[in-house]
Amino acid sequence: MSNRDKCYQTENNSENIRTTGLQLLPKKPEVHLSFESLTYTVNTYRKLKKVKKKILHGIDGSFRSGQLTAIMGPSGCGKSTLLNVLAGYSISGSSGQVYLNESLRDEKQMANISCYIQQDDYVRDLLTVRESMTVAAHLKLPTTVSAISKASQVEDLLDAIGLSVHGDTITKRLSGGQKKRLSIALELITNPSILFLDEPTTGLDSQSCRNLVSLMMNLAHNESRTMVCTLHQPSALLFEKFDQVYVLSSGRCIYQGPPKLVIPYFAENSVICPPYHNPADFLIEVAIGEYGTGVLVELFDITKLTNINDRNKCLTISNEDNEAQLDNGEYQKNNNTDNKRLPYKTELLNKPPFYIQTYHLYWRNVIMYKRNKTNAMLRITVHFAVALLVSYIYRGVGNDAARVLDNMKFVYGTNLFLAYTGLMAVIVSCEHTIYNYKEHRII
Ligand SMILES: Nc1ncnc2c1ncn2[C@@H]1O[C@H](COP(=O)(O)OP(=O)(O)OP(=O)(O)O)[C@@H](O)[C@H]1O
C-alpha cells in the first residue's frame, strides 16, 4: 500500500482526513522535546515602578515524538506563554533549559525543525487555497527543488489534509476548521518535526474539533512528529484522544501524563472526581483551586519531586503501558530506557535567496490587488483626483521665475503625498508584517 493510500477516516465524519509521508524534503529526525526549570518573567508597572512578574515558575516537562500532547489549564495560567517559550518566540525573560533530544536547544535549529500555528488564522483572504500553498512552497523550499516538484507536493499536501476539493476556493470562504487545516498544511511544507498549535480548536464546532484532533493525532502517530497544542475545555470524548496532557496552574505543573490516569492520580492525592463529571472539567476545577489551594501546593510538590528524580522530568508513560499502569495503580513512573536523550542533528534548510522571495511576494500582492478591485479603483481615483486638483492650483506656475518658492512647495508636497500613500499600505498591513517576521523568527 502506498503512503497516499494510508488514509485515515475519522469516526462518524463526512470528510476524509489523510496524512502522507510523501515529502520533497528529507524527513527530519524524531525530536523529543524536554525542558527543565523553565521560568518566564515579565516587567509590569505599579505606580510608575517596574515590578517583575513571574509567569512560569521553574517547570519541567517532556513532550515526546509520536505523541499528541495538550497543555491545559485555566485562563491566564501560562499555556500560551509556555508554548511561546518552547517555540523560541519569547526568549528574553526566560531561563532554564530546553532540550531537543540530548542537545540544548539552538535557536536556528529550533526554527528549522519546528513550526508554530497561532490561534488566529493568518491565511491570505484573497488567495485561493492552492495559491496560498504554492506561494508558501516557493518561499520556504530551496531553489534546488523544481517548480513541478513543488506543485506536486502542494497537491499531495492538499490531498493529505482533505482540502484538494477546495483548492480553488478563496480562503476567506473556507470554514473555520478548513482554515485551520490550511494553516497546518502551510507549515507541513517544510516537513517539521515539532508542531506547536495555540488553541487550534477554539471557535470550531464539535465535529470540526474531532476532525482536527484526528488529523493532529495522525501526524503524531503515523509520522512520528511531536505535536503540542494548548487547549481550553475539551469534551470528554476529545480529551481522551490525547496521548498526554500537561496541566498548568498559575504557571506550575500539577500533572503530566495520559488523560486516562488523571482521575486515579488525583484520587490518590485525595481529590475525588464527582461521578458523571467530565475529567477535563474536573482538571480545570482542580487547577483553579476549587478543591483547595493546599491540594494544589501538594500537587506542585509531588510533580516537582517526581521530576527531580527523573532525568527527563515529568511523566512519560508509553501508550502500551497505560492500561497496565492503570490496573496496577501506578501513575507517575519514570521510564528511563525510553527517556534516554538521543543524539540530535539536522541540516539547516536553505531558504530561497532574497530576490526570489521578493519576486513571489510581489506576484502574491499583484493577485491580491486584482481580486480587491474596489480598493484598487479607490486608490487610482484618489491619485487622479489629487493630480487634477494640484495641476489646477499650479497651472502656469512652472514658467514664472517669481514663484520659485511655490514650485518648491509643489515638489515637496507631491513627494510627501506619494510617500505617505505608499507608507499607508505598510501601516495597514503592519499586523501581517509582524506575523511574517515572527514566522521567520526575526523578532
Ligand atoms: N508580556 C506580558 N506582560 C505582562 N503580563 C503578561 C505578559 N505576557 C503574559 N502575561 C500574563 O501572563 C499570564 C499568562 O498568560 P498566557 O497568555 O500564557 O495565559 P493562557 O493560559 O494562555 O490564557 P488563555 O487560556 O486565556 O489564553 C496572564 O495573566 C497574562 O496577563
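Numbering of ligands and ligand atoms starts at 1, following listing order. Values in this document were obtained by computation on a predicted structure and should not be read as measured data. For the numbers below, each heavy atom of this structure counts, side chains included, while hydrogens, waters and symmetry mates do not.
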Next item on the list: State if Cys77 counts as touching ligand 1 under the rule of any non-hydrogen atom under 4.0 Å.
Entry: yes
Notebook entry, point to check: Below 4.5 Å, heavy atoms only, C-beta onward: do Tyr291 and Ile272 meet side chain to side chain?
Noted result: no
Check: Would you find a donor on one side and an acceptor on the other, under 3.5 Å apart, between the side chain of Gln178 and the backbone of Leu163?
Finding: no
Check: Counting N and O atoms only, with roles assigned by atom type, does the side chain of Arg225 sit under 3.5 Å from a partner on the main chain of Pro192, one being a donor and the other an acceptor?
Finding: yes
Next item on the list: Among all protein heavy atoms, pick the one closest to atom 3 (N) of ligand 1 and tell me residue, atom and distance.
Entry: Val42 CG2, 3.6 Å
Check: Can you tell me which residue and heavy atom of the protein come closest to atom 22 (O) of ligand 1, and the distance to 0.1 Å?
Finding: Ser80 OG, 2.8 Å
Next item on the list: Find all atoms of ligand 1 within a distance of less than 4.0 Å from any non-hydrogen atom belonging to Glu199, and give their numbers and elements.
Entry: 24 (P), 25 (O), 27 (O)
Item checked: Protein heavy-atom partner closest to atom 31 (O) of ligand 1 - residue, atom, separation in Å -> Lys53 NZ, 4.0 Å
Next item on the list: Decide if the gap between the ring center of Phe35 and the ring center of Tyr246 is smaller than 6.0 angstrom.
Entry: yes
Next item on the list: Identify which of Thr202, Leu83, Asp198, Ile55 has a heavy atom lying nearest to atom 11 (C) of ligand 1.
Entry: Ile55
Note to self: What I want to find out is whether Lys140 reaches Glu187 closely enough, with some N-O distance under 4.0 Å, to be called a salt bridge.
What the structure shows: yes
Notebook entry, point to check: What distance separates Met217 CE from Lys241 NZ, expressed to the nearest 0.5 Å?
Noted result: 5.0 Å
Next item on the list: Examine His232 against ligand 1 and note whether any of their N/O atoms are separated by less than 3.5 Å.
Entry: yes
Notebook entry, point to check: If we only count heavy atoms from C-beta on, is the Leu219 to Ile184 side-chain gap below 4.5 Å?
Noted result: yes
Check: Tyr116 vs Phe196 aromatic rings, parallel, tilted or perpendicular, using cut-offs 30° and 60°?
Finding: perpendicular
Next item on the list: Provide, to 0.1 Å, the distance between atom 15 (O) of ligand 1 and the closest protein heavy atom, together with that atom's residue and name.
Entry: Thr81 OG1, 3.7 Å
Notebook entry, point to check: Just by modelled atom types, is the Val271 backbone N or O under 3.5 Å from a matching donor or acceptor in the Asn269 side chain?
Noted result: no
Next item on the list: Run down the list Ser75, Gly73, Pro74 and name the one with the heavy atom closest to atom 26 (O) of ligand 1.
Entry: Ser75
Next item on the list: For atom 25 (O) of ligand 1, find the nearest protein heavy atom and state the residue, atom name and distance (0.1 Å precision).
Entry: Lys79 NZ, 2.8 Å
Next item on the list: Check ligand 1 against Gly78 and write out every atom of the ligand that is under 4.0 Å from a heavy-atom position of the residue.
Entry: 14 (C), 18 (O), 19 (O), 20 (P), 21 (O)
Note to self: Quick test: of every protein heavy atom, which one is nearest to atom 14 (C) of ligand 1, and how far off is it to 0.1 Å?
What the structure shows: Gly76 O, 3.4 Å
Note to self: Using a 3.5 Å cut-off on N or O atoms only, is Asn43 in polar contact with ligand 1?
What the structure shows: no
